[in-house]
Every structure is written in C-alpha cells, then in structure tokens.
Amino acid sequence: MNRAFNFSAGPATLPLEVLEEAGAELFDYRGTGMSVMEMSHRSPEFIDIAQRAEADLRELLDVPTDYAVLFLQGGATAQFAAVPLNLLGDRVSADYVNTGAWATKAISEAQRYCRANVVASSEATNFDRVPPRADWQLDPRAAYVHIVGNETIGGVEFHDFPDVGAVPLVADMSSTLLSRPLDVSRFGVIYAGAQKNIGPAGLVLVVVRRDLLDRARPDTPSVLDWSLNAENESMYNTPATYSWYIAGLVFRWIKRQGGLTVMAQHNRTKAQKLYRAIDSSNFYRCPVIEHNRSLMNVTFTLADESLDKAFVKGAEAAGMRNLKGHRSVGGMRASIYNAVPEAAVDALVDYMAAFETEHV
Ligand SMILES: *Cc1c(COP(=O)(O)O)cnc(C)c1O
C-alpha cells in the first residue's frame, strides 16, 4: 500500500484507520453476510449505524437537545436552496455576508427565492478577509443571516462568530465542521457537506434549531424540507447509507483521538507550521490577512507564477497530491483537514524550502 499525502480540498483524505475498518467489514458487515452498501436503510443493522452516528456527532459537537440533526443528500449546494425555502416563512429577504466563492454561490441561489441582501463583502479586497462585524448593515426584518464559516477556495475563516441579535444565524460549515469545538447554540442552522472533513461525498449534515422547523414555503421540495426529514429521521427517502456509515466511523475516530479539543490542537499546530513557512520566506505569500486565515485550507502563491507547474509536479513526485489552487484563484492550496497527518505538513514545509532554494 502506498498512501499519498493528500491535500485535496474535497473529496478529501480520510483517516487510514477508518478505511481499514470499512475494508475489514466491506463484504460482510458483522456477520450479516452483506456489505453496508447492500443493506436496507430500514434494517435493524443500518438503523443502529445511523443512530450511533447521530449520537456520536451530538456528543462531539455537544449539540443541544432542541436541535435536530439531519443526514441529507445533495451536498451543501442543495442547502443553498434549502436554506431560503425552509426559513423564509412570510419574510421576503435574507442577509448574506460575502466572503468568497462559496458565499457568492449561496447568494445567487438564494436570489431565486428571495431578496438576498449582501450586508457586507470583502470582494473589493479580493476576498482576503471576513468583513468586520461593525461594517455589516443588518436588517432586523431579514429571515436569517447567512455566513460561510470557512471559504474552502479562498482560505478565509471565521475564528469567532458574530452576534446578529434575534435573527437566526445560518452557517455553511462544510470545510470546518469538526475541526474544533463549536458553540452550536449560537446558530439557528449549521450545514456541512461531508466530503471535506466528515466523510465521503453524497452526504450533507444539517443541524437546525427545532423552533425553525415551522416556516418552510409550501412549494419546498420534499427532499429539501427539513421538517419532513426531521419527522422521518432523515429517511423520508433513501439516504446516502454508505456515506452515513463512513461518517459514523469518522466520528468514532475523532472520539478516539480525544474529541474536538484535541483535534483543534492538532489543526492549529499543522496550520501554524505551514503559515510560518510561508511568512518566513519572500518566495511564498499567503493572500489572506493573518486574522482570518483558515486552519483547514491554506492558500499561498509563489513569487513567480510561471513556477506553479514545476512546484506541483515536484510535489507529486515526492508523494504530495492535490496542491494546485482552485482554478478560480490560482496559486496553491493545501487542505489540511483532521485526517491529514502532521507528517504531511512537515513533508510539505521541507519541500517548499527545497523548492525555494532551487529556484531563487
Ligand atoms: C464544497 C463546498 C460547497 C459545495 O459542496 P457540494 O457538495 O459540491 O454541493 C459549499 N460550500 C462550501 C464552504 C464548500 O466547501
């Protein structure tokens, strides 16, 4: 077996222990003679898998009992539509903070259903930061305030969460959920596509305060209706069973590591090493202001962009994959989710230093 150091932004690396566990029970899940993939979602075995996953997630995130936890399909992108559909009620507008590519997508999807007010944006500075809360022009009549907790493409992260008063705060946490402890009670809704830091693609988690489950528009498609899915324990239709199962193994792996506090320590150590390597050189540069740099997606550019291809090629030859930045922003991006070991970051830092020496 030859596992690469995989810096993919998503679908992303999973803990080797989880893959080994899944591999060991791939053909015969605990004496059932079936793979989890081949099992009815209504079978006692799968119900047990599903309930354990939810219980472990609730424990990890300390989810208050007045929140529903949903395991849905359609990725975070489906939730870009589900959020306005489920929350507008009789309101006509929602507030959005634009921090980059994913916020922009969320805004344009919401515009299909309501007036999506961009109450703050860092577009003028090329999305290098979270606009300071003092500059947000919030509307108290908005149905909700939407933020993207971590911009996976730009590498911009909220390290603390704004107070938005009585209007529910809704956060796309796709690439940061489970990277550190989180006070769920600060939010009306949190959603996260699994393929970044949680599990395989095909699954999106939605954590929603139950008092918000009564305001879906009547034309909300059933698969996107949180209330209907909560009543049916995320089995209104067939859920992404295998992704749900793997996410459950990931939750247990995080618990074995010591939970989110320990995860956060590892993640801070990895990110600090990488940002230090970038900041201590004149050859590499991080485009994000220090205060809002992501712990999960570290973006950086080379002094001479004509060397980008050589950088990526050399990294691949050294067993480091998927370092090329998103096509929309260029440069490099190292996604260092929970499952990326510190050794991968050490290897990258060494490679960066060697590449710089060779090219200056
Ligand atoms: C990846 C990502 C999305 C889109 O996820 P899909 O599963 O492709 O729908 C949305 N928001 C953020 C922050 C992401 O990282």
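Numbering of ligands and ligand atoms starts at 1, following listing order. Keep in mind the model is a prediction, meaning the values are calculated, not measured.
Of the charged side-chain nitrogens involved, at least one lies within less than 4.0 Å of a carboxylate oxygen, so that R256 and E21 count as a salt-bridged pair.
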Kindly list each side-chain donor-acceptor pair under 3.5 angstrom involving residues 77-87, sequence neighbours excluded, with atom names and distances?
| from | atom 1 | to | atom 2 | distance (Å) |
| --- | --- | --- | --- | --- |
| Q79 | OE1 | W226 | NE1 | 2.9 |
| N86 | OD1 | W226 | N | 3.0 |
| N86 | ND2 | A82 | O | 2.8 |
| N86 | ND2 | L224 | O | 2.8 |

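Side-chain N or O atoms of S280 include one that pairs as donor or acceptor with a backbone N or O of R276 at under 3.5 Å.
Between H146 and Y144, the angle of the ring planes goes over 60°, which puts this pair in the perpendicular group of the 30/60° scheme.
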Could you list, one pair per line, each nitrogen or oxygen of ligand 1 together with any protein nitrogen or oxygen closer than 3.5 Å, giving atom names and the distance rounded to 0.1 Å?
| from | atom 1 | to | atom 2 | distance (Å) |
| --- | --- | --- | --- | --- |
| ligand 1 | 7 (O) | Q195 | NE2 | 2.8 |
| ligand 1 | 9 (O) | A76 | N | 3.3 |
| ligand 1 | 9 (O) | T77 | N | 2.9 |
| ligand 1 | 9 (O) | T77 | OG1 | 2.5 |
| ligand 1 | 11 (N) | D172 | OD2 | 2.6 |
| ligand 1 | 15 (O) | T152 | OG1 | 2.4 |
| ligand 1 | 15 (O) | K196 | NZ | 2.5 |

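Applying the ring-ring contact (aromatic ring centres under 6.0 Å, His included) test to pairs two or more places apart or on separate chains, those with a residue in residues 45-70 are F46-W244.
When hydrophobic residues (I, L, V, M, F, W, Y) are linked wherever their side-chain heavy atoms come within less than 4.5 Å, F127 remains an isolated member.
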